[in-house]
Amino acid sequence: MKELRTEIDIHAPVSVVWQVLTEFDQYPEWNPFITSLTGEIAPGERFRVTLQPPGSRAMTFRPVCTHLSENRRFSWRGNLIFPGLFDGEHIFEMTEIKNETTRFIQRENFSGILLPMLWKQLNTKTKEGFELMNQKLKERCEEQFIFKKAL
């Protein structure tokens, strides 16, 4: 098993980060990595997600939601063709680290017999996709938080 892990501090409360992260219909407006996420998002439910790592073709698959805990964690598990070939559990976690600042962690645990062949691409292009998404999430959350405070 191998893990990709990225994190970023966002100057907005956890509730704002959660709201932006779970407004899935808004992803095409701001998310350069997860360009589409549709369907019923609830533990045990299958939904559709499209990922586009930088410099790569878009991939659409149907993972199962494994965890959905408001203002804390959202995760899913998917596989290529059948379990054990190439599997991944994608995890988003949020923690308040100080007043009105959230640490956002995006990570994925990969396993399966194809992992050694795919790891280099995952550790470069996919990781870059995580980082791009994190940055855009930060910008969107901070912009919304500043706007709400100004009202």
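When reading the values below, keep in mind they use all heavy atoms of this one structure, side chains included, and skip hydrogens, waters and symmetry mates. The first residue of the sequence shown is numbered 1, and numbering continues consecutively from there. Note that the coordinates shown come from a computational prediction; the quantities given were computed from them, not determined experimentally.
Here the side chains of Asn71 and Met94 are not in contact, with every heavy-atom distance at 4.5 Å or above. The side-chain heavy atoms of Val14 and Thr95, taken from C-beta on, include no pair separated by under 4.5 Å. Contact of the Leu37 side chain with the Trp76 side chain is registered, since non-hydrogen atoms from C-beta on lie closer than 4.5 Å. At a threshold of 4.5 Å between non-hydrogen side-chain atoms, the residues Val17 and Leu137 count as touching. Between Phe110 and Leu118, every side-chain heavy-atom pair lies at or beyond the 4.5 Å cut-off.
Of the inter-residue distances, the one linking Ile91 atom CD1 with Arg107 atom CZ reads 3.5 Å to the nearest 0.5 angstrom. How far CG of Leu68 is from CD1 of Ile41: 8.0 Å, rounded to the nearest 0.5 Å. Between the CZ atom in Arg140 and the CD atom in Gln19 there is a gap of 10.0 Å [rounded to 0.5 Å]. Taken from OG1 in Thr126 to CG in Leu51, the straight-line distance is 8.0 Å, to the nearest 0.5 Å. Expressed to the nearest 0.5 Å, how far CE of Met1 lies from CG of Leu115 amounts to 9.5 Å. With values rounded to the nearest 0.5 angstrom, Trp18 atom CH2 is found 12.5 Å from Thr102 atom OG1.
Taking hydrophobic clusters as Ile, Leu, Val, Met, Phe, Trp and Tyr residues chained together by side-chain heavy-atom distances below 4.5 Å, Val64 does not share a cluster with Phe24. Tracing side-chain contacts under 4.5 Å through hydrophobic residues (I, L, V, M, F, W, Y), one reaches Phe61 starting from Leu4; they form part of the same cluster. Residue Leu132 is not grouped with residue Ile34 when hydrophobic side chains (ILVMFWY) are merged at heavy-atom distances under 4.5 angstrom, including chains of intermediate members.
Pairing each heavy atom of Cys65 with each of Ala42, the nearest pair is CB-O, 3.2 Å. Nearest approach of Phe104 to Asn134, heavy atoms of both residues: CE2-OD1, 3.3 Å. Between Pro63 and Val49, the shortest heavy-atom contact is CD-CG1, 3.7 Å. The minimum heavy-atom distance between Val20 and Tyr27, with the atom names listed, is O-CE1, 4.1 Å.
In terms of modelled atom types and a separation under 3.5 Å, the side chain of Thr50 and the main chain of Thr35 share no donor-acceptor contact. Judged by distance alone, the side chain of Thr124 and the main-chain N or O of Gln121 form a donor-acceptor pair under 3.5 Å. Put simply, the side chain of Gln106 never gets that close to the backbone of Thr6: no donor and acceptor are under 3.5 Å apart. Without hydrogens or angle criteria, Thr101 side chain to Ile97 main chain gives no donor-acceptor distance under 3.5 Å.
Using a cut-off of 4.0 Å between Lys/Arg side-chain N and Asp/Glu carboxylate O, Glu128 and Lys125 are scored as not salt-bridged.
Phe74 and Phe92 have parallel rings, their planes meeting at less than 30° on a 0 to 90° scale where 60° marks the start of perpendicular.
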Margin query: The test is salt bridge (Lys or Arg N to Asp or Glu O under 4.0 Å); show your working for Glu139 and Lys136 and say whether it passes.
Written below: CA-CA 5 Å; Glu139 291 169 11; Lys136 293 298 186 180; 3.7 Å; yes

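For residues 6-26, the pairs satisfying salt bridge (Lys or Arg N to Asp or Glu O under 4.0 Å) are Arg5-Glu7, Glu7-Arg103, Asp9-Arg103, with sequence neighbours left out. A salt bridge (Lys or Arg N to Asp or Glu O under 4.0 Å) check over residues 62-79, counting only residues at least two apart or in different chains, returns the pairs Arg73-Glu89, Arg73-Glu93, Arg77-Glu89. Applying the ring pair (Phe, Tyr, Trp, His ring centres under 6.0 Å) rule to pairs touching residues 115-134 yields Phe33-Phe130, His90-Phe130, sequence neighbours excluded.
Of the N and O atoms on the side chains of Ser75 and Thr66, at least one donor lies less than 3.5 Å from an acceptor on the other residue.
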